[in-house]
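Structure, as structure tokens:
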Amino acid sequence: MTLTIYNTQTRQKEPFKPTVPGEVKMYCCGVTVYDDCHLGHARSYIVWDTVRRYLLWRGYNVRYVQNFTDIDDKILNRAKEQGRTMSEVSQEYIDAYFRDIRQLNVKDADEYPRVTEHIEEICDLIQRLIDKGIAYPANGDVYYSVQAFPSYGKLSGRTEEQMQSGASGRVAAEDTKKRHPFDFALWKRAKPGEPSWDSPWGKGRPGWHIECSAMIRRVLGDTIDIHGGGGDLVFPHHENEIAQSEGATGKPLAKYWTHNGMVRVNGEKMSKSLGNFTTIRELLDRINPMVVRLFVLQAQYRKPLDFTDDAIASAENGWNTLKEGLLFGRQFGERLGWNPDDDAPHLEDVAEKFQTAMDDDFNTSGGLAVVFELAKELRRVGNILVHGGEVDVSADALQRQWITLVELAGVLGLEAQPEEASESPNGLSDEAILALIEQRQAARKAKNFAEADRIRDDLKERGIALIDKPGETTFVRD
RNA sequence: GGGGACAUAGCCAAGCGGUAAGGCAGGAGACUGCAAAUCUCCCAUCCCCCGGUUCGAAUCCGGGUGUCCCCUCCA
């Protein structure tokens with residue numbers, strides 16, 4: 001069976017063959033650290049995290065690198081506003097990034113290169129481009145000469161003429177140091193009072209796209225296997241990365257270019273400039289991180305994803321089902337005569353079904369269908385066990401189902417934590433609740449249903465739901 | 001104006017030439033004193049529209065219509 005990946009550059013799915021068999025070099029564009037991350041970022045990093053987890057599960061050795069862009073006009077502006085240094089601001093949001101993204105069960109990258117730590121590599125790369133006649137200095141700035149790179153536009157599928165006609169008027173007004181309107185800055189001359197670094201062209205700082213080219217080359221080499229990022233980065237960011245890297249090395253930068261779709265709100269892209277974003281921090285105040293993950297993974301990663309209350313509610317309910325399945329082993333394993341921590345072989349046919357789905361360009365929606373079927377079956381059996389009925393499946397089969405579920409859900413980064421023991425935010429201890437249950441049982445026995453219902457409603461209002469079973473009544477906290 | 005995608009039930013969503021996965025919501029029944037939870041069953045004769053190719057198309061081709069993304073910072 002072959003894994004296929006949709007390659008933005010060829011606009012089709014291609015069989016995945018890394019340069020070195022079994023080894024995958026993967027790079028994703030990280031965030032520019034000037035503000036909190038929002039749901040759009042969350043989607044992106046959940047998607048690439050899942051791709052990475054899947055490749056690992058498939059047996060690949062994956063080296064995953066994600067950068068922090070910590071030199072940028074926006075960081076600078078924020079620093080000025082707040083009377084702080086650029087590095088103070090960037091460090092704050094790097095910390096915020098980790099705080100948010102780790103909660104979503106996104107694994108840490110193998111490396112997080114930062115622009116400020118790679119100025120030398122950036123200068124080297126720029127010099128190389130100048131030496132090759134692909135870049136030119138102009139009064140303290142350095143520009144990339146788009147016309148010197150004939151295949152410019154190959155990723156986004158545009159030709160120079162098209163861009164000319166499209167951008168008419170918008171480009172002409174730009175500064176005149178450029179030889180061609182589409183040339184872009186590799187190095188920007190320092191303005192007074194701004195942080196700057198020494199370079200052969202004078203004091204200044206790197207332009208926006210060059211850092212990724214330089215850091216990829218430094219950390220992963222000339223050619224990587226998978227380059228990922230948001231769809232909005234295709235042009236100009238990734239197009240320019242290709243121009244810079246391939247212009248300098250003559251080798252392909254990435255074998256597979258992959259891009260995730262945008263998150264939408266009311267039909268519009270969620271973005272900083274539109275101001276319609278929900279930060280991860282706000283989101284996680286009211287939503288379980290796993291719900292966010294499920295919400296993201298239910299959609300195909302390349303398609304737009306609508307952020308609506310309905311979709312979140314749906315994911316919330318779906319997660320409850322999944323969670324019950326994932327906790328099955330912890331809850332019933334011992335009763336069934338097996339230890340939840342013991343290893344057991346997964347169910348081969350189920351794992352294969354999962355793989356078939358995921359092999360098709362990371363079809364997480366199909367993968368989830370497999371996971372849901374396992375979870376629902378375990379929930380069914382769990383319910384029988386709770387009610388003391390006859391289980392029609394062998395303990396061994398259940399163990400293997402559960403092991404398989406935990407493994408496959410884990411590939412998607414979906415993990416359930418066992419409930420925290422009787423924390424009582426509503427002030428009621430387990431003992432107090434049990435006492436009330438006793439009272440209600442007595443009332444029921446006496447056919448005083450008004451009183452029984454009053455107790456039940458009362459608890460309900462305090463976020464405690466009662467579950468009547470033959471012989472006993474248990475409760476769950478919301 | 002140019003470039004790129006997408007359009008499947010109330011909602012989300014898979015499907016890639018062989019007769020519509022899965023999730024949510026909904027309906028009926030079981031259980032219950034009544035509920036909740038859970039279980040069982042049901043829930044698109046049809047895949048935006050119009051043509052064409054084919055024994056056969058949601059799936060391929062052509063033409064429409066609609067939505068989104070990019071061309072400016074953006075995951």
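Side-chain atoms are counted along with the backbone in the values below, which use heavy atoms only and exclude waters and symmetry mates. In what follows, chains carry the letters A, B, and so on, assigned in the order in which the sequence lines appear, proteins first and then strands, with residues in each chain numbered from 1.
As rounded to whole Å, 13 Å separates atom P of B/U72 from atom NZ of A/K269. Whole-Å rounding puts the A/N448 CG to B/G33 P distance at 15 Å. Going from atom CZ of A/R302 over to atom P of B/C69 covers 18 Å, rounded to whole Å. Distance, A/D49 CG to B/A75 P: 18 Å, rounded to whole Å. Distance, A/D72 CG to B/A75 P: 9 Å, rounded to whole Å. Residue A/H38 contributes atom NE2, which lies 7 Å from atom C1' of B/A75 at whole-angstrom precision.
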Polar-atom pairs under 3.5 Å, protein N or O versus N or O of nucleotides 23-26 of chain B: list them with distances, or write none.
residue : atom : partner : partner atom : Å
B/G23   : OP1  : A/K376  : NZ           : 3.2
B/C24   : OP1  : A/T321  : OG1          : 3.4
B/C24   : OP2  : A/K376  : NZ           : 3.4
B/C24   : O4'  : A/S314  : OG           : 3.1
B/C24   : O3'  : A/N317  : ND2          : 3.1
B/A25   : OP1  : A/N317  : ND2          : 3.0

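Residue-level contact check: A/R440 touches the bases, meaning some heavy atom is under 4.0 Å from a base atom.
Rounded to a whole angstrom, the distance from the C1' atom of B/C24 to that of B/A9 is 12 Å. Between B/C11 and B/A25, the distance separating the two C1' atoms is 7 Å to the nearest Å. When the C1' atom is used for both B/G51 and B/A44, the distance is 24 Å, rounded to whole Å. Straight-line distance between the C1' atoms of B/G23 and B/A14: roughly 11 Å, to the nearest whole Å. With both ends at atom C1', the span from B/U45 to B/A37 equals 36 Å, rounded to whole Å. Atom name C1', nucleotides B/C31 and B/C6: the rounded distance is 46 Å, in whole Å. Annotation: B/U54 and B/C68 have their P atoms spaced 38 Å apart (nearest Å). On the P atoms, B/C43 is 47 Å away from B/G1, given to the nearest whole Å.
Between A/H238 and A/H259, the ring planes lie tilted relative to each other; the angle falls in the 30° to 60° range.
Summarising the base pairing, B/A25 is matched to no nucleotide, lacking a Watson-Crick or G-U wobble pair whose two defining distances lie under 3.5 Å. Here B/C6 sits opposite B/G66 as a Watson-Crick or G-U wobble pair (both hydrogen-bonding atom distances under 3.5 Å). In a base pair of the Watson-Crick type (N1 to N3 plus N6-O4 or O6-N4) or a G-U wobble (N1-O2 and O6-N3), with each distance short of 3.5 Å, B/A36 is matched with no nucleotide. Applying the Watson-Crick and G-U wobble criteria (two distances, each under 3.5 Å), B/U53 pairs with nothing in any strand.
Although no hydrogens or angles enter the test, the distance criterion places no donor-acceptor pair under 3.5 Å between the side chain of A/T4 and the main chain of A/D360.
Between A/G367 and A/W48, the residue whose closest nucleotide on RNA chain B is further toward the 5' end is A/G367.
With respect to the salt-bridge test (charged N to carboxylate O, under 4.0 angstrom), the residues A/R456 and A/D453 qualify. A salt bridge links A/E246 and A/K154; the closest N-O separation between the charged side-chain nitrogens and carboxylate oxygens is under 4.0 Å.
In this structure, the nucleotide among B/A5, B/G22, B/C68 sitting nearest to the side chain of A/R264 is B/C68. Residue A/D232 places its side chain closer to B/C70 than to any other of B/C70, B/G33, B/A7. Listed nucleotides: B/A75, B/C16, B/A13. Nearest to the side chain of A/S44: B/A75. Nearest to the side-chain atoms of A/F449 among the listed nucleotides B/C39, B/G33, B/A75 stands B/G33. Among B/A5, B/C71, B/G22, the nucleotide with an atom closest to any side-chain atom of A/R11 is B/A5. The nucleotide whose nearest atom lies closest to any side-chain atom of A/D453 is, among B/G33, B/A75, B/C16, B/G33.
Residue A/D468 places a side-chain atom within donor-acceptor reach of the base of B/A35, judged by atom type and a 3.5 Å distance cut-off alone. Side-chain atoms of A/R456 come within donor-acceptor range of the base of B/A35, with a qualifying N/O pair under 3.5 Å.
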Start with the C-alpha gap between A/D95 and A/Q91, add the side-chain angles, then the distance that decides, and say whether side chain to side chain donor-acceptor pair (under 3.5 Å) holds. CA-CA 6 Å; A/D95 293 342; A/Q91 189 58 49; 3.0 Å; yes
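Phosphate proximity of B/A14 to A/K303: present, with a side-chain N or O under 4.0 Å from OP1 or OP2. Residue A/N383 places no side-chain N or O under 4.0 Å from the OP1 or OP2 atom of B/A37.
Of the listed residues (A/V24, A/V219, A/I224), just one forms a side-chain contact (heavy atoms from CB on, under 4.5 Å) with A/R63, and that residue is A/V219.
Under the 6.0 Å distance and 45° angle rule, A/K107 does not count as a cation-pi partner of A/Y64.
Proximity of the aromatic rings of A/W48 and A/Y45 is defined here by a centroid distance below 6.0 angstrom, and this criterion is not met.
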